[in-house]
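To start, the structure under review is shown below, and the notes come after it.
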Amino acid sequence: MTDHRNSATPIDPVKLDRLAEVAVKVGLGLRPGQDLLLTAPAIALPLVRRIAVHAYKAGAGIVTPILSDEEMTLARYRHGHDDSFDRAANWLYEGMAKAFSNNTARLAIVGDNPMLLSGEDASKVARASKANSIAYQPALEKIVNFDTNWNIIAYPSAAWAKLVFPNDQEEVAIGKLADAIFAASRVDREDATANWASHNAVLRERTNWLNGQRFRALQYSGPGTDLTIGLADGHEWEGGASLSKNGISCNANIPTEEVFTTPHCRRVYGHVVSSKPLSYQGTLIDNIAVRFEDGRIVDAKASRGAEVLNKVLDTDEGARRLGEVALVPHSSPISQSGLLFYNTLFDENAASHIALGQCYSKCFVNGAQLTPQQIAAQGGNQSLIHIDWMIGSSETDIDGILADGSKVPVFRKGEWAK
């Protein structure tokens, strides 16, 4: 096999271009004449440029990039006035919401240093995050409700790479992380688009089976875990490609190995422990252990990052309740890589997981026609946050509970039972 890298970059330019093409064609399903709003860290400019090329080749109207910079972010925390941490760029997010309402597609590239804010004032980080979450709501609602087609992909920055591969030289680490991203994103092969079609078909088989079962709840058992998660009334399982309200099929996350739905936010009972660390805003939260009563977390502990975890849980009333439950086999490629990516886009696809906070209205039968009040009445959760953390492992068993109380095996030892 020919290695297309050169001495200037450890990132394979052919696979990087392939990732851009898959993001446009598979991730977004971009239509001719459709505008594209793109956000990315400045370090990801090589990928941003390739996306622009493929977007315009696909007939994009206008591609608008918005770039962030880590040094500018740090400058705020080190020199910004204290009262500025309770503010956010409302005007920007209102503009985004307007763009999405006008059928603009949304693409996000992640790649910032996951530990960027680890040395900054934790209270300022929490305040800024909350202010940003509140300001982002108009745009976020358009995304979580799939008003438009959207997609998230990743780019290997140096700081991120050194976190994942701390024992390697920077250039080597970047190359390794790039290869891991390409493999997980299924662009490490020439037939990437066809491979995604096959992968989406497998995920669709899983969702069809689950939707046919109409489980009332899922029961989890394993080391440190005895948890029953009620499923929302009229819930619907999703996975792989999703049809957005504008009629375009998109893969919101690249990579993805999960099938997911909406739990009933008032019908979760028992206790559960995390199976992998959660990287959140520069803090690694490890060995999370929580207990639910009537859907609400009433006790939460962590061996590391407990203070940050509890601040998250106090964000609002919905932060202590679940907005998503997702099934991922232990044999998923990301799990088998043995890597901790320190990035939820990847780590959530290594294990079955749950998410604190906001639910997806997409995960209801006829969800597009339901009002927020109807979604809440059916058990959907509302919150400023949506944070996934992993609870599955090779020792996890999951049973589906039917309306009559009988059980159907769903997972055994971390793998699909059927």
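Only a predicted model underlies this, so the values are computations on that prediction, with no experimental measurement involved.
- No more than 12 heavy atoms of other residues, nucleotides or ligands lie within 6.0 Å of CD1 in Ile43, so this atom counts as exposed by the packing criterion.
- Surrounding CG of Leu92 are more than 12 heavy atoms belonging to other residues, nucleotides or ligands, all under 6.0 Å away.
- Using a 4.5 Å cut-off on side-chain heavy atoms (C-beta onward), Ile334 and Pro255 make contact.
- Residues Thr207 and Glu238 have side chains that never bring a donor and an acceptor to within less than 3.5 angstrom of each other.
- Ion pairing between Arg267 and Asp233 holds under the 4.0 Å rule for side-chain N and carboxylate O.
- Applying the side chain to side chain donor-acceptor pair (under 3.5 Å) rule to pairs touching residues 31-47 yields Gln34-Asn149, Thr39-Arg106, sequence neighbours excluded.
- The aromatic rings of Trp196 and His199 sit perpendicular to each other, their planes meeting at more than 60°, with 30° as the lower class boundary.
- Side-chain N or O atoms of Arg18 include one that pairs as donor or acceptor with a backbone N or O of Arg189 at under 3.5 Å.
- Counting only heavy atoms from C-beta outward, the side chains of Asp226 and Tyr220 never approach each other to under 4.5 Å.
- Residue pairs meeting the salt bridge (Lys or Arg N to Asp or Glu O under 4.0 Å) criterion with at least one member in residues 387-403, sequence neighbours excluded: Asp399-Arg412.
- Note on Arg186 versus Glu257: salt bridge recorded, some NZ/NE/NH1/NH2 to OD/OE distance being below 4.0 Å.
- At a threshold of 4.5 Å between non-hydrogen side-chain atoms, the residues Tyr269 and Phe292 do not count as touching.
- In this structure, the side chain of Asn132 does not engage the main chain of Ala128 through any donor-acceptor pair within 3.5 Å.
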As a quick check of understanding, evaluate side-chain contact (heavy atoms from CB on, under 4.5 Å) for Phe215 and Leu210, giving each step before the final call.
CA-CA 8 Å; Phe215 291 129; Leu210 288 163; 4.0 Å; yes
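- Ring geometry, Tyr360 versus His386: the interplanar angle falls from 30° to 60°, so the pair is classed tilted.
- A donor-acceptor pair shorter than 3.5 Å can be found between the side chains of Ser383 and Asp316.
- Side-chain contact check for Ile153 versus Leu47: some heavy-atom pair is nearer than 4.5 Å.
- Residues Leu163 and Pro114 form a side-chain contact, since some pair of their non-hydrogen atoms from C-beta on lies under 4.5 Å apart.
- Nearest heavy-atom pair across Ser303 and Asn287 is OG-ND2, 2.7 Å.
- Residues Asn246 and Asp147 have side chains that never bring a donor and an acceptor to within less than 3.5 angstrom of each other.
- Judged purely by distance below 3.5 Å, without hydrogens or angles, the side chains of Lys142 and Ser101 pair a donor atom with an acceptor atom.
- With respect to Glu120 and Lys124, no salt bridge is recorded, no charged nitrogen being found less than 4.0 Å from a carboxylate O.
- Here Asp17 pairs with Arg50 in a salt bridge; the nearest charged N to carboxylate O distance falls below 4.0 Å.
- In this structure, Ile181 and Phe346 have side chains that are in contact, with non-hydrogen atoms separated by less than 4.5 Å.
- For the pair Met96/Leu37, a side-chain contact is recorded, criterion being any heavy-atom separation below 4.5 Å from C-beta on.
- Remark: the Thr261 side chain and the Glu236 side chain contain no N/O donor-acceptor pair separated by less than 3.5 Å.
- In this structure, Asp404 does not pair ionically with Arg216, as no charged nitrogen and carboxylate oxygen lie closer than 4.0 Å.
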